[in-house]
Protein chains: 4
Amino acid sequence: MVEKYTIRTDLAMEQKERFESDHVEVSGVVLEEEYDEEREIKITTVRIETENGAKMMGKPVGTYLTLEVPDMASADDGYHREISETLAGFLEKYVENEETKKEHSKEKGCSILTVGLGNREVTPDALGPYVVDQLNITRHMVQEYGRYGVEEESRIVSAIVPGVMAQTGMETAEIVQGVVKETKPDMILVIDALAARSSKRLNRTIQISDAGIHPGAGVGNHRSVITKETMGIPVIAIGVPTVVDAATIVNDTMENFIAALETSENLKGVGVVLQGYNSAEKYELVKELIAPHLNGMFVTPKDIDETIRRISYTVSEALNLLFSGKAGESEKKETA
Amino acid sequence: MVEKYTIRTDLAMEQKERFESDHVEVSGVVLEEEYDEEREIKITTVRIETENGAKMMGKPVGTYLTLEVPDMASADDGYHREISETLAGFLEKYVENEETKKEHSKEKGCSILTVGLGNREVTPDALGPYVVDQLNITRHMVQEYGRYGVEEESRIVSAIVPGVMAQTGMETAEIVQGVVKETKPDMILVIDALAARSSKRLNRTIQISDAGIHPGAGVGNHRSVITKETMGIPVIAIGVPTVVDAATIVNDTMENFIAALETSENLKGVGVVLQGYNSAEKYELVKELIAPHLNGMFVTPKDIDETIRRISYTVSEALNLLFSGKAGESEKKETA
Amino acid sequence: MVEKYTIRTDLAMEQKERFESDHVEVSGVVLEEEYDEEREIKITTVRIETENGAKMMGKPVGTYLTLEVPDMASADDGYHREISETLAGFLEKYVENEETKKEHSKEKGCSILTVGLGNREVTPDALGPYVVDQLNITRHMVQEYGRYGVEEESRIVSAIVPGVMAQTGMETAEIVQGVVKETKPDMILVIDALAARSSKRLNRTIQISDAGIHPGAGVGNHRSVITKETMGIPVIAIGVPTVVDAATIVNDTMENFIAALETSENLKGVGVVLQGYNSAEKYELVKELIAPHLNGMFVTPKDIDETIRRISYTVSEALNLLFSGKAGESEKKETA
Amino acid sequence: MVEKYTIRTDLAMEQKERFESDHVEVSGVVLEEEYDEEREIKITTVRIETENGAKMMGKPVGTYLTLEVPDMASADDGYHREISETLAGFLEKYVENEETKKEHSKEKGCSILTVGLGNREVTPDALGPYVVDQLNITRHMVQEYGRYGVEEESRIVSAIVPGVMAQTGMETAEIVQGVVKETKPDMILVIDALAARSSKRLNRTIQISDAGIHPGAGVGNHRSVITKETMGIPVIAIGVPTVVDAATIVNDTMENFIAALETSENLKGVGVVLQGYNSAEKYELVKELIAPHLNGMFVTPKDIDETIRRISYTVSEALNLLFSGKAGESEKKETA
């Protein structure tokens, strides 16, 4: 019953980490790590390659790329620009990869529907809407004036902030589905605020995935499935963890406590008893004690407003670079 | 070439008034007026019955009901509640009328998609989004728990704030169309901020129409067609004028000026000359002088923030009453 | 060292409760409870009467009145109006009490500066700003047109949303102090979002106190001292708990855990050991395990946006009733 | 009676222009113009040197520097950065000039209170609040950790968004006065949205003045006097025109109309009559025709939301550069 005992995280790399700390081998899941020293960005790639891997990880098959950026909430504009360029570079690869599969492969200019998931009125859930607010939208220009209405290499960009179910009464996926069918973009790009397992990862991690959005993800824990399968076109998801589930934080401390009991000189007696428990049994013990009203509650830092504002700038700058068709250029220059 | 010379208004009653002041008979258009003395609400009904009437009026065939409420921007809560009840009563008739055509005629409970048109970021255009923010949404409850998830007589309510084209790159009608196809409501209810011809009507008039939304309407002058024809289901539009086109205000003053010239003792000479001009020629004279950069500009009061806030309360309270299925009750009580 | 071991709460009644659960007598602190059955509101009054009581409670001398309202976040408008009337009734007593001490005792009309504390950009901290947004402000009318510029019994109301230190670089108290000196109100009324000890109290409790605002209180844990002593005029504080400190929630669960260990059949061994620990020692054990990065983090419900919106309506309606000078009337009618 | 006939503008350069078009010499007022070809920025300096000049201009003695930037509302980030640098360079001179008068002349680091005037809820009036939202505030860091809490050359920055009178019941000047007395900054920097005479200047002009804020200025036409005289410390005002008074636009078109009448072949007769009128008489004629309800109404473009967002970025970036103490550096580099 491994799944039951899974603590919630929307980051594939945290899920993988967990198995590693338990010394569990997960077949069908590949991990790669690299470090961009100059920019101080750690890049982790988790590839879930098989259905078994997907089942173990509790996440669909796909590639999950994570950038860890220690100072993402800081005020240094130059540094933010570097993160934006790095992020745009990775997104460019995903998008170019899809473009080469299409007929319009030679010219840039696939059309992208950007979806800002989350609730604009709840600060840590507002990342998606805030990012969309700052995008350079071009689809209506192209519709009106043709390809010449915009810069030469520019992609065709539309965007929607669908709201959350309590506001609309509809599944986000229903709204996006409808919009996709009417406006026929080539690709969907979803931005969402995520829940992390560790509060240390909050506001300093960006996950890019081609696996789309699956039920239970996001701050608001939405039930939407926005994937290539359901939408009929590729879905790239960009997520930043901004909250930790309240139950997760409690659980973490409890685990520390149990560990302490097991090793403490004074409390050896307890150690003896608890050593007889396996992980799942310990989790059951803990779960009973976590107050049920913690469901539907989240933990977030007090300065979340400033953090969300900065990160939304960084992500929107990356997207605007991607949309302009110039995302790969700085990189090319560097390599040259 | 009558249409060319039409000054813009989204209120059918203002359009009708204009013909009356020019002593033009418009066949196929019927006007009715009544006055609710107790509540100080003047009710004007304009019925455009023929295609000829529609052409003359520059508005589609349909019924346009206008409530004029002198103190709609005031702070008197009790009075606002009365307006809400009156508005809900009229909407109830429209909705009941559609419900009786359907199979589920006997039980209340048709499903209504509410659309808050306009731009949340431009104060006088934010009416639609603000109203939607305050609605009691129920569709997701009914989807989850069935009819018993909500109050007995409650209608099934969903809502969307689609944004404007500069934000989404899409026609509003495309978004609404997509959502309608996916979620299959029985009826659409659109809320929009309108442009009036006369600044005296700003923020004290509510228009209800079964003709939907047509191109060129609204503060942002959107190109959307959201009508029964395009959407396949009935569309009821609720609009409140919150701006006057800048060109309209200039034109009005100019007309006063020409009138003054024609009658003034001192300026008799001008009168002689201008008497030779007909209305269209005078309009041409004026039009040349109106600076072209006034296009895309609007006139609105400085206290528009407070006004929009109050009116959005009043309209949302009316809609929540309508959605609760109890809109007709106060009226029934009174008649009894 | 009792204080060290105090878990944070801004509610005097929770602090008192804690001593009771530990069977500690606190001299100089009086507790009264009553229950309004009709409106389902539980009213608790904590009176801190001596400096010793203040030291034990970690709160200044004063009266702390708490309304517990189980359904304060629900959508029932009628019920909200009842809460508003109850709240206004209590505030009326405080305000009248101060008015009778003044020369203008016979006429209503003392001047009140309302201060909306907190950060508008962080949802659970936005209560103060949201309440102020909806107040009927009159001071400028009276300044311009004299007493006849407003309704006869109306009080003179001004308001400010000072922002938080990260936004202004100033202590809130400095801003309020400056405004008080320039505009000379008779009284200050502060609205703030609070931290509770128990998540069960979130969004269903209102605390009214004549002790003002003291350091460490509020969601943002501000350092302001806004009291009669510092401001020179009476300060009434209205607070609603909207968050729980992350550390508090962890601690609560740990205490449950320890309690469970002590009573559990299977874990009796632990019980024996832990029985030797007193409260403070147990707290030390727990404190070490609570991750330090939980400082500056808070726990709040996912639907906090809707909750804050509703509660801000209820509180602002109460204040507008108070300001209109008609707060006592419904009560008088009832008694008559 | 020249003043009576003055059409409202908050831009000194427009006022000066007006006298020039009327061939009126205004003694005590000096005009200088230069053009930064590379950046396409026209710089106009109006120096009001005498009380007579001030009376004629309807503006206090002081220097009014205007940057005209044709593409200020466009999306080109690089260009915006150039405007920010130019603006920061001019502000640096004002601030340095004040700093050299003080004892702390040798080290940078005077303390600046930034005031974001205007109404956050009315889009074209929200410039000041939006700019303040994006500033790097440092005063609280310096208070807490001393000069070493911030970057070496950093100035000490505090900020306030006082709101407008309808929201606070207080004069903005009262609030600012109070804050100045409590927190004792060396200088005030005010940001405000202005009214222009010509709609062509909207959103493409920045005025910097050492004359402060005077009654009747700003979108909301506030009555505040925030000047060196009233505040006791230097006041630098930064303004961007975002609206035109409704009456101004009407008047402009009428003047065109009268001019057309005077020159038109067909309307010569009118010309003869109107030639007998002087400017003031013509203005009287026009004024009678301008509907009185246009008072309190303004004209603004439909895309004001995007425009305000971009300009607020540009201005806040300039201020953050100024505050960092590095505003002069790029310029120095260029000269070197």
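Just so we're clear, the structure is a prediction, and the values are computed from it rather than from any experiment.
- C:Thr314 meets the side chain to side chain contact (heavy atoms under 4.5 Å, CB included) test with C:His80, C:Ile83, C:Ser84; sequence neighbours excluded.
- Note: C:Thr66 OG1 to C:Glu68 CD = 7.0 Å, rounded to the nearest 0.5 Å.
- Shown here are the ring-ring contact (aromatic ring centres under 6.0 Å, His included) partners of C:Tyr313, two or more places apart in sequence or in another chain: B:Tyr313.
- With sequence neighbours excluded, the residues forming a side chain to side chain contact (heavy atoms under 4.5 Å, CB included) with C:Ala159 are C:Thr114, C:Val132, C:Ile137, listed by chain and number.
- Side-chain contact check for C:Gln134 and C:Ser312: at least one donor-acceptor pair (N or O, by modelled atom type) lies under 3.5 Å.
- Proximity to chain A among residues 115-125 of chain C is limited to C:Asn119, C:Glu121, C:Val122, C:Thr123, judged by heavy-atom separations below 4.5 angstrom.
- C:Glu17 has a carboxylate O that lies under 4.0 Å from a charged side-chain N of C:Arg201, or vice versa, which qualifies the two as a salt bridge.
- When each of A:Ile249, A:Ile308, A:Val244 is scored by its heavy-atom pairs under 4.5 Å with chain C, the top score falls to A:Ile249.
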